[in-house]
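Heads up, the thing below is written out as structure tokens.
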Amino acid sequence: MNKLLFTIAAILLLNIAPLAGKPELILHYKSLLLIVAAACLWLSQPAFSTQEAKRDKSSDRLSIIVILIMSSLSVVAAVTEWGYANNAVQSSVTMTLIGALLLAAGIGIRVWAIQTLGKHFTATVTLTNDHQLVRSGPYRWVRHPSYLGAFMAITGCPVFLNAWWATGVAIAAMTIAYYLRIGVEEKMLSAYFGDKYLEYSKQTKRIIPFIW
């Protein structure tokens with residue numbers, strides 16, 4: 001599917017459809033900012049197709065599907081709680097700002113990581129022609145900065161909306177999704193790069209600098 005059409009469809013389904021019962025909130029500043037953030041996330045990465053998922057099924061282990069499901073669940077839960085649990089009326093300015101910072105920083109880190117990898121960045125776990133082990137940019141500190149950025153942005157969404165139950169859902173869902181994805185990806189990269197990747201792994205963390 002064309003990347004622009006995919007982005008529009010995702011925004012309609014995840015950001016707007018949950019507010020069908022509260023249409024007045026669709027033009028709320030928080031809703032509009034989340035739509036902009038979602039557009040930035042979707043449009044900054046390569047287009048994804050079901051054909052790609054089928055082609056790379058053996059190497060990806062359907063981890064891309066898990067990520068899409070978990071991220072969709074996280075966003076829908078956040079927008080739904082915000083819209084129907086009075087969060088749109090009563091909110092904490094401090095938490096709203098923290099959420100906005102998580103969103104902005106997460107998008108920035110993810111875009112930086114995607115641009116650093118260039119043609120080697122793919123939606124599914126696969127190896128491109130002449131695949132290289134990139135250790136520049138954000139990859140100097142963590143091995144999967146694009147996942148760190150996405151995790152920050154997606155969990156920042158419910159924090160921005162002051163949706164506390166949804167924040168727990170997002171943290172749990174994205175932790176599961178990226179734990180599975182990183183396991184699949186690191187197994188493939190270790191097999192491909194051998195000792196070079198083992199050395200790189202000893203010098204960096206997976207997704208959280210200095211921690212994990």
Side-chain angles (χ1 to χ4, degrees), residues 3 6-7 10 14 37-38 40-78 102-103 105-128 131-135 137-158 167-193 197-198 200-202 204-212:
K3 183 161 63 172
F6 184 92
T7 299
L14 306 182
C40 290
L41 278 173
W42 290 116
L43 293 174
S44 65
Q45 60 190 24
F48 167 73
S49 65
T50 54
Q51 290 78 11
E52 184 179 3
K54 292 178 181 178
R55 184 196 67 198
D56 301 326
K57 183 178 179 180
S58 60
S59 60
D60 185 75
R61 304 289 181 87
L62 298 179
S63 63
I64 183 61
I65 303 300
V66 175
I67 291 174
L68 288 173
I69 291 173
M70 293 302 195
S71 58
S72 297
L73 172 64
S74 300
V75 174
V76 170
L102 283 171
L103 276 166
I107 292 171
I109 291 171
R110 184 165 175 83
V111 171
W112 185 18
I114 291 172
Q115 291 181 339
T116 301
L117 274 189
K119 67 177 183 179
H120 299 300
F121 185 90
T122 57
T124 56
V125 175
T126 186
L127 292 171
T128 58
H131 205 92
Q132 299 177 1
L133 180 59
V134 176
R135 303 180 65 170
Y139 293 88
R140 287 175 290 179
W141 298 289
V142 292
R143 302 196 292 278
H144 306 281
S146 67
Y147 302 155
L148 170 62
F151 187 95
M152 290 172 63
I154 292 171
T155 56
C157 170
T167 297
V169 170
I171 291 173
M174 299 316 299
T175 296
I176 292 171
Y178 284 126
Y179 182 83
L180 293 174
R181 175 60 171 255
I182 289 172
V184 171
E185 189 166 327
E186 296 227 314
K187 183 177 181 180
M188 183 189 70
L189 292 172
S190 295
Y192 185 79
F193 290 109
Y197 195 79
L198 179 61
Y200 177 51
S201 299
K202 291 179 179 179
T204 55
K205 297 298 183 181
R206 291 181 179 88
I207 189 172
I208 306 175
F210 311 112
I211 300 177
W212 182 75

Would I64 and R181 satisfy side chain to side chain contact (heavy atoms under 4.5 Å, CB included), going step by step from the backbone distance to the final call?
-> CA-CA 8 Å; I64 183 61; R181 175 60 171 255; 4.0 Å; yes
Might you point out which heavy atoms bring [X] and [Y] nearest each other, and give the distance in Å?
{"X": "I107", "Y": "C40", "value": "CG2-CB, 4.1 Å"}
{"X": "H131", "Y": "T126", "value": "CE1-O, 4.2 Å"}
{"X": "A77", "Y": "V169", "value": "CB-CG1, 4.4 Å"}
{"X": "W42", "Y": "K3", "value": "O-CD, 3.8 Å"}

Given side chains that start at C-beta, do those of [X] and [Y] come closer than 4.5 Å, heavy atoms only?
{"X": "T116", "Y": "P138", "answer": "yes"}
{"X": "R206", "Y": "E186", "answer": "yes"}
{"X": "R143", "Y": "Y197", "answer": "yes"}
{"X": "T167", "Y": "I171", "answer": "yes"}
{"X": "V111", "Y": "Q115", "answer": "yes"}
{"X": "I176", "Y": "L180", "answer": "yes"}
{"X": "I207", "Y": "L148", "answer": "yes"}
{"X": "I211", "Y": "K205", "answer": "no"}

With distance as the sole criterion, is a donor-acceptor pair present between the side chains of Y200 and R135 under 3.5 Å?
->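 No - no donor-acceptor pair under 3.5 Å links their side chains.
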[atom1]-[atom2] distance between [X] and [Y], expressed to the nearest 0.5 angstrom:
{"X": "L102", "Y": "I154", "atom1": "CG", "atom2": "CD1", "value": "12.0 Å"}
{"X": "I182", "Y": "W212", "atom1": "CD1", "atom2": "CH2", "value": "4.0 Å"}
{"X": "K119", "Y": "Q132", "atom1": "NZ", "atom2": "CD", "value": "7.0 Å"}
{"X": "I114", "Y": "T122", "atom1": "CD1", "atom2": "OG1", "value": "10.5 Å"}
{"X": "L14", "Y": "S74", "atom1": "CG", "atom2": "OG", "value": "10.0 Å"}
{"X": "H144", "Y": "F151", "atom1": "NE2", "atom2": "CZ", "value": "14.5 Å"}

Criterion side chain to side chain contact (heavy atoms under 4.5 Å, CB included) on L117 and Y139, from CA distance to verdict = CA-CA 9 Å; L117 274 189; Y139 293 88; 3.1 Å; yes
Does S44 reach the main-chain N or O of L41 with its side chain, forming a donor-acceptor pair under 3.5 Å?
->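 Yes, the answer is positive, given that a donor and an acceptor are paired below the 3.5 Å cut-off.
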Taking atom OH of Y179 as the centre, does the number of heavy atoms from other residues, nucleotides or ligands within less than 6.0 Å exceed 12?
-> no
Report the C-alpha distance between M70 and Y178 in whole Å, list the side-chain angles of each, state the deciding distance to 0.1 Å, and finish with yes or no for side chain to side chain contact (heavy atoms under 4.5 Å, CB included).
-> CA-CA 10 Å; M70 293 302 195; Y178 284 126; over 6 Å; no
